[in-house]
Asks: 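One structure, as structure tokens, below. Some questions next.
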There are 2 protein chains.
Amino acid sequence: MAATAFSDVASIDRREEVLAAAAECFMRRGYEATSMDDVAEALGATKGRVYHHFRSKPELFFEVYRRAMAILVNGAAAAEEGGGSAAERLERVSRIHVLSMMETQTFQRSLTLGADLYRFGNAGVHKAVLEELMDIRRSYEDVFRRLFAEGNADGSLGPLDPSLAMRTVLGALNWVAIWYSPQPGETRAHRERLAEDIATQVLGGYLAG
Amino acid sequence: MAATAFSDVASIDRREEVLAAAAECFMRRGYEATSMDDVAEALGATKGRVYHHFRSKPELFFEVYRRAMAILVNGAAAAEEGGGSAAERLERVSRIHVLSMMETQTFQRSLTLGADLYRFGNAGVHKAVLEELMDIRRSYEDVFRRLFAEGNADGSLGPLDPSLAMRTVLGALNWVAIWYSPQPGETRAHRERLAEDIATQVLGGYLAG
DNA sequence: GTCTATAGAAAGATAGAC
DNA sequence: GTCTATCTTTCTATAGAC
């Protein structure tokens with residue numbers, strides 16, 4: 001029993017390594033241009049190892065995407081728990097969002113790749129699973145929409161269109177995953193400070209008063 | 001003389017068609033995954049036609065990228081000509097920027113592709129040309145940096161870090177090229193209205209007072 | 001100017017050795 | 001669990017017909 005659990009953990013770690021390597025490759029080259037050999041090479045292995053853990057390239061990508069969304073959804077849930085006005089919760093959710101863009105950048109980059117696969121299609125990728133992925137994304141966007149609507153109601157945010165505000169704010173926050181590149185000697189405190197500055201600046205125009 | 005000029009114009013139009021098809025393909029599949037056959041197919045031709053106008057895939061991409069940047073640079077120059085406070089000029093530059101994201105989306109999408117090629121490299125793409133492309137991009141970003149600094153000086157914009165403000169504002173504006181999809185029956189007036197709403201909302205937090 | 005035909009390399013996925 | 005070997009398709013780019 002203990003041996004089984006232990007071997008499960010080891011197996012999960014191996015799978016995790018493959019996922020991380022795949023996320024890195026997808027960020028660097030995009031979905032289609034990334035080959036299974038690329039992922040294997042990033043692992044210092046051959047693709048036998050990759051195919052042992054994932055049936056196909058689409059399945060590998062789906063798991064990277066789901067992981068990225070899970071990080072955002074869990075972060076937002078934790079940030080909302082503290083309570084406070086809609087503006088205060090929005091500020092905390094935005095800050096953790098930016099931090100995730102920096103600290104799990106390789107995974108987060110898969111979100112735009114997935115959106116493009118959904119919009120433009122791809123021979124080997126099943127539309128049904130992409131629909132599921134887009135649903136997760138939409139429900140996360142709804143968190144922001146709801147927070148803007150609540151802010152209208154509790155007076156902590158100015159009068160605004162929740163959908164447009166969600167798009168402009170998430171645009172500014174998501175863009176961090178595009179330009180951010182970790183600096184040598186950078187600490188978590190640096191990233192937290194940057195995330196705070198960005199969230200403050202982005203939300204400045206939406207606060208009441 | 002007239003015949004020569006006429007044939008030049010026709011030749012330029014052909015080249016333009018190839019460029020537009022390439023921009024579309026690069027948006028849909030990314031740089032690496034786009035094949036010269038894809039571009040040819042989008043033209044309803046074979047790749048003989050593509051290679052007649054462009055020596056190689058990198059050269060084709062470079063031209064798409066330069067075209068995208070030229071649209072932005074010319075738009076910003078026109079928007080600044082009207083004069084006014086830094087805030088007023090920033091608002092006009094932002095509006096035309098968003099309009100360009102919508103109306104020349106296929107070209108504008110090449111800008112993030114180019115940034116990734118620069119950052120992560122690619123076997124067939126010469127670093128030197130990518131450096132040139134990044135320089136054009138940086139000088140365009142400087143327009144926004146300068147406008148924020150001028151706004152600090154003339155009092156039309158609140159006190160802020162011009163570089164951070166440039167990144168958050170351009171992030172929100174650039175994100176339009178990611179999510180925007182032209183709607184059936186959509187008119188130019190619709191897009192202008194949307195561009196105005198987005199620019200107003202994004203810049204709301206940066207205005208003085 | 002645009003086509004067909006072709007080269008050499010690399011892709012996703014599977015089979016079977018270890 | 002990971003490797004090597006392999007099948008089939010597709011890639012960039014060129015050569016030469018029309």
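The sequence lines fix the lettering, A, B, ..., with proteins before strands; numbering per chain opens at 1.
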Asks: From the list C:dT2, D:dT2, D:dT12, which nucleotide is the closest neighbour of the side chain of B:Arg49?
Replies: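 Closest nucleotide to the B:Arg49 side chain: C:dT2.
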Asks: Grab the NZ-C1' distance between A:Lys47 and C:dA11 for me, whole Å please.
Replies: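 The answer, rounded to whole Å, is 7 Å.
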Asks: Calculate the interatomic distance between A:Glu59 atom CD and C:dG12 atom P; express it in whole Å.
Replies: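 Rounded to whole Å, this separation is 15 Å.
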Asks: Counting only side-chain nitrogens and oxygens, does B:Arg55 get under 4.0 Å of the OP1 or OP2 atom of D:dA13?
Replies: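 No, B:Arg55 has no side-chain N/O under 4.0 Å of OP1/OP2 on D:dA13.
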Asks: Between C1' on D:dT12 and CG on B:Leu60, what's the gap in Å once rounded to a whole number?
Replies: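 It works out to 13 Å between those atoms.
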Asks: So if I take every side-chain heavy atom of A:Tyr51 and compare against C:dG12, C:dT6, D:dG1, which nucleotide ends up nearest?
Replies: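 In terms of side-chain proximity for A:Tyr51, the closest of C:dG12, C:dT6, D:dG1 is C:dG12.
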Asks: Please determine if A:Arg92 and A:Glu88 form a salt bridge, counting it only when a charged side-chain N lies under 4.0 Å from a carboxylate O.
Replies: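 Looking at A:Glu88 together with A:Arg92, the answer is no, because their closest N to O distance does not fall below 4.0 Å.
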Asks: Taking NZ, NE, NH1 and NH2 as the nitrogens, is one of them in B:Glu150 or B:Arg89 under 4.0 Å from a carboxylate oxygen of the other?
Replies: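 Between B:Arg89 and B:Glu150 there is a salt bridge, with a charged N closer than 4.0 Å to a carboxylate O.
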Asks: Could you check how far OH of A:Tyr31 sits from P of C:dA11, rounded to whole Å?
Replies: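 Rounded to whole Å, this separation is 14 Å.
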Asks: Grab the CZ-P distance between A:Phe54 and C:dG12 for me, whole Å please.
Replies: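 Rounded to whole Å, this separation is 15 Å.
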Asks: Any Lys/Arg nitrogen of A:Arg66 or A:Glu132 sitting under 4.0 Å from an Asp/Glu carboxylate oxygen of the other?
Replies: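 Salt bridge present between A:Arg66 and A:Glu132.
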Asks: Provide, to the nearest angstrom, the distance between the CZ atom belonging to B:Arg14 and the C1' atom belonging to C:dT2.
Replies: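 Rounding to the nearest Å, CZ of B:Arg14 and C1' of C:dT2 are 9 Å apart.
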Asks: Could you check which of D:dA13, C:dG12, C:dT4 has an atom nearest any side-chain atom of A:Met36?
Replies: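 So the nucleotide nearest the side chain must be C:dG12.
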Asks: Reckon B:His53 has a side-chain N or O less than 4.0 Å from the OP1 or OP2 of C:dT2?
Replies: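 Indeed, a polar side-chain atom of B:His53 lies that close.
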Asks: Tell me the interatomic distance from B:Asp37, atom CG, to D:dA13, atom P, rounded to whole angstroms.
Replies: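 So the two atoms are 12 Å apart, to the nearest Å.
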Asks: Closest approach to the side chain of B:Asp38, judged atom by atom: which nucleotide of D:dT4, C:dA13, D:dC11 is it?
Replies: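 Nearest to the side-chain atoms of B:Asp38, counting from C-beta on, is D:dC11.
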Asks: Whether B:Arg29 and B:Asp38 form a salt bridge (side-chain N of Lys/Arg under 4.0 Å from carboxylate O of Asp/Glu) is what I want to check.
Replies: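 So B:Asp38 pairs with B:Arg29 through a salt bridge.
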Asks: Does D:dT10 have its OP1 or OP2 closer than 4.0 Å to a side-chain nitrogen or oxygen of B:Ser35?
Replies: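 Checking D:dT10 against B:Ser35, no side-chain N or O comes under 4.0 Å of OP1 or OP2.
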Asks: Report the nucleotide, chosen from C:dT4, D:dC3, C:dG12, that has the shortest atom-to-atom distance to any side-chain atom of A:Ala45.
Replies: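 Side chain of A:Ala45 sits closest to D:dC3.
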Asks: For the pair made of CG in B:Asn122 and P in D:dC11, what is the distance, rounded to whole Å?
Replies: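 After rounding, the gap between these two atoms is 16 Å.
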Asks: So which nucleotide from C:dT2, D:dA5, D:dG1 ends up closest to the side chain of A:His52?
Replies: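 For the A:His52 side chain, the nearest candidate turns out to be D:dG1.
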Asks: Check every strand shown and say whether B:Lys57 touches a base, only sugar-phosphate, or nothing at a heavy-atom separation below 4.0 Å.
Replies: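 The answer is sugar-phosphate, as B:Lys57 gets under 4.0 Å only of primed atoms, P, OP1 or OP2.
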Asks: Counting only heavy atoms not in A:Arg193, do more than 12 fall under 6.0 Å of its CZ?
Replies: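 12 or below, so no.
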